[in-house]
Amino acid sequence: MSTAPNRRAVAVILLVPLVVTLALWTFAWPAARIAPRDLPVGVAGPASAAQQLEQRFEQRDGAFDVHRFDDEAAARTAIEDRTVYGAVVVTPQGPHLLTASAASPVVSQLLREAVTASAPEDTPVQVTDVVAAPPGDPRGSVLGASMLPLALAGMAGGAVVTMMGLRGARAALTLVASAALVGVAVTAVTHSWLGAITGDWWTEAGALALTVLAIGSAVAGLAALFGPRGIGLGALLMVLLGNSFSGVSSAPHLLPEPVGAIGQWLPPGAGGSLLRSVAFFDGSAAGGAVLTLSLWTLFGLAAVLFARRAPTPAEPVEPAREPALTG
């Protein structure tokens with residue numbers, strides 16, 4: 001009796017629980033450890049009162065990164081520029097909390113609870129949402145749920161290009177065209193139909209297309225370098241790690257370290273940050289995300305164009321030709 005099928009069966013039996021455990025760890029562990037970690041917040045108002053408020057923030061060691069501002073106008077500008085998630089302005093009537101639910105509804109609620117709990121008893125806390133989440137997606141649920149389909153779309157594009165045996169310029173053009181169409185289709189759904197994003201329509205489509213292109217070209221590039229195993233590596237990076245570490249549903253600064261930073265170096269996290277910037281903040285703080293996505297795209301397309309890869313199942317290996325006899 002051949003032992004090869006038995007070995008393959010044992011490998012599958014052991015591999016499936018391992019993959020499930022890894023998936024559960026990547027998705028559940030960050031979600032279970034959500035808490036502020038160097039979360040950028042602002043403080044504004046008279047020097048003595050603002051200093052006391054800053055000290056209260058700093059009592060939670062490592063939770064907040066406090067920025068001082070001269071007045072409410074400067075704090076509002078910092079929120080609109082995505083320098084801070086929110087700010088507390090000290091006024092004679094009590095603390096005035098400025099939030100940006102469009103940046104993260106979770107952070108906005110966290111700041112509201114923290115400021116209310118630390119305010120003197122019977123002191124009302126005025127709250128102003130400087131950059132509000134759109135009525136079509138007040139909790140950010142649509143935006144958070146969009147990253148997995150985008151990651152799967154990019155993953156599918158890179159895998160299909162590889163398995164169909166497309167190479168060189170044809171493969172690169174296929175990846176670009178499919179990503180562009182995905183960007184247009186997703187923008188039509190999230191912007192025009194659901195009203196979950198509210199920025200410039202074509203800029204949003206471009207951000208979504210760049211995200212899908214970065215994922216798809218990276219997967220195809222890894223396959224060009226490592227063969228079909230590169231598709232599995234791409235799935236690990238883009239779907240398991242990239243999606244679960246993206247922080248789109250909460251905020252990168254709420255994830256355990258270094259998960260939040262790693263997520264922003266991968267296309268799903270960078271794509272989520274870029275989409276927030278162009279959808280709600282007129283492109284503020286979009287440069288880092290654009291750079292990350294562009295680097296992944298360039299890596300993938302360069303590998304697709306120039307790497308010599310092993311034939312895929314769609315590409316039969318040609319037998320070597322024997323040299324012609326002379327004489």
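As the structure is a prediction and not an experimental result, all values here were calculated from the model.
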Glu257 and Asp38: CA distance, side-chain angles, deciding distance, side chain to side chain contact (heavy atoms under 4.5 Å, CB included) verdict: CA-CA 10 Å; Glu257 297 178 349; Asp38 290 325; 3.8 Å; yes

Looking at [Y], is its backbone amide N or carbonyl O close enough to the side chain of [X] to form a donor-acceptor pair, meaning the two atoms are under 3.5 Å apart?
| X | Y | result |
| --- | --- | --- |
| Asp137 | Gly195 | no |
| Glu204 | Gly199 | yes |
| Thr116 | Glu113 | no |
| Ser104 | Ser250 | yes |
| Thr99 | Ser108 | no |

Under 4.5 Å side-chain linkage, directly or through intermediates, the cluster mates of Leu295: Leu291

I want to check something: taking the side chain as every heavy atom from C-beta on, are [X] and [Y] in contact at a cut-off of under 4.5 Å?
| X | Y | result |
| --- | --- | --- |
| Leu98 | Val88 | no |
| Phe69 | Val89 | no |
| Phe245 | Leu240 | no |
| Arg112 | Leu97 | yes |
| Leu254 | Leu110 | yes |
| Leu208 | Val182 | no |
| Pro134 | Ile197 | no |

Following the transitive rule for hydrophobic clusters with a side-chain heavy-atom cut-off under 4.5 Å over Ile, Leu, Val, Met, Phe, Trp and Tyr, establish whether [X] and [Y] coincide in one cluster.
| X | Y | answer |
| --- | --- | --- |
| Val142 | Val131 | no |
| Phe27 | Leu24 | no |
| Val184 | Leu175 | no |
| Val41 | Val115 | yes |
| Trp265 | Val212 | no |

What are the two closest heavy atoms between [X] and [Y], and how far apart are they?
| X | Y | result |
| --- | --- | --- |
| Gly140 | Pro105 | N-CG, 3.9 Å |
| Thr190 | Ser146 | CG2-OG, 4.1 Å |
| Ser249 | Gly144 | OG-CA, 3.8 Å |
| Asp70 | Ala74 | N-CB, 4.4 Å |
| Ser101 | Ala133 | OG-N, 2.8 Å |
| Ala171 | Val304 | CB-CG1, 3.5 Å |

Worked verdict on Glu80 versus Arg76 for salt bridge (Lys or Arg N to Asp or Glu O under 4.0 Å): CA-CA 6 Å; Glu80 293 167 352; Arg76 284 175 174 268; 5.6 Å; no

Side-chain donor/acceptor pairs under 3.5 Å, residues 44-51, sequence neighbours excluded:
none

All pairs passing salt bridge (Lys or Arg N to Asp or Glu O under 4.0 Å) where residues 54-65 contributes a residue, at least two apart: Glu54-Arg68

Using a 3.5 Å cut-off and no angle test, enumerate the donor-acceptor pairs between side-chain atoms of residues 148-156 and protein atoms at least two apart in sequence or in another chain.
none

Filter on ring pair (Phe, Tyr, Trp, His ring centres under 6.0 Å), then keep only pairs touching [range], sequence neighbours left out; what's left?
| range | answer |
| --- | --- |
| residues 32-61 | Phe57-Phe64 |
| residues 3-22 | none |
| residues 133-160 | none |
| residues 71-102 | Tyr85-His253 |

Acceptor/donor pairs from residues 273-281 side chains to any protein atom, 3.5 angstrom cut, sequence neighbours excluded:
{"residue": "Ser273", "atom": "OG", "partner": "Gln264", "partner atom": "OE1", "Å": "2.6"}
{"residue": "Ser273", "atom": "OG", "partner": "Gly269", "partner atom": "O", "Å": "3.3"}
{"residue": "Arg276", "atom": "NE", "partner": "Ala103", "partner atom": "O", "Å": "3.4"}
{"residue": "Arg276", "atom": "NH1", "partner": "Ala102", "partner atom": "O", "Å": "2.7"}
{"residue": "Arg276", "atom": "NH2", "partner": "Val248", "partner atom": "O", "Å": "2.8"}
{"residue": "Ser277", "atom": "OG", "partner": "Arg82", "partner atom": "NH1", "Å": "2.9"}
{"residue": "Ser277", "atom": "OG", "partner": "Ser273", "partner atom": "O", "Å": "3.2"}
{"residue": "Ser277", "atom": "OG", "partner": "Ser284", "partner atom": "O", "Å": "2.8"}

Nearest 0.5 angstrom please: [X] [atom1] to [Y] [atom2], how far?
| X | Y | atom1 | atom2 | value |
| --- | --- | --- | --- | --- |
| Asp200 | His191 | CG | NE2 | 8.5 Å |
| Thr26 | Leu241 | OG1 | CG | 6.5 Å |
| Met147 | Met238 | CE | CE | 13.5 Å |
| Leu18 | Ile13 | CG | CD1 | 14.0 Å |

Trace of the side chain to side chain contact (heavy atoms under 4.5 Å, CB included) decision for Val43 with His67: CA-CA 6 Å; Val43 172; His67 298 242; over 6 Å; no

Output a table of donor-acceptor pairs, distance under 3.5 Å, between side-chain atoms of residues 215-234 and any protein atom two or more places apart or on a different chain; print 'none' if there are none.
{"residue": "Ser217", "atom": "OG", "partner": "Leu213", "partner atom": "O", "Å": "2.6"}
{"residue": "Ser217", "atom": "OG", "partner": "Ala214", "partner atom": "O", "Å": "3.4"}

Side chain to side chain contact (heavy atoms under 4.5 Å, CB included) evaluation trace for Leu166 with Val160: CA-CA 9 Å; Leu166 299 180; Val160 169; over 6 Å; no

Partner set under side chain to side chain contact (heavy atoms under 4.5 Å, CB included) for Trp29, not counting sequence neighbours: Trp25, Arg33, Pro256, Val259

With Trp201 via side-chain hydrogen bond (donor to acceptor under 3.5 Å, both in side chains) - residues at least two apart: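 So Trp201 forms a side-chain hydrogen bond (donor to acceptor under 3.5 Å, both in side chains) with Ser192.
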
Heavy atoms from other residues, nucleotides or ligands near CG of Asp282 exceed 12 (cutoff 6.0 Å): no

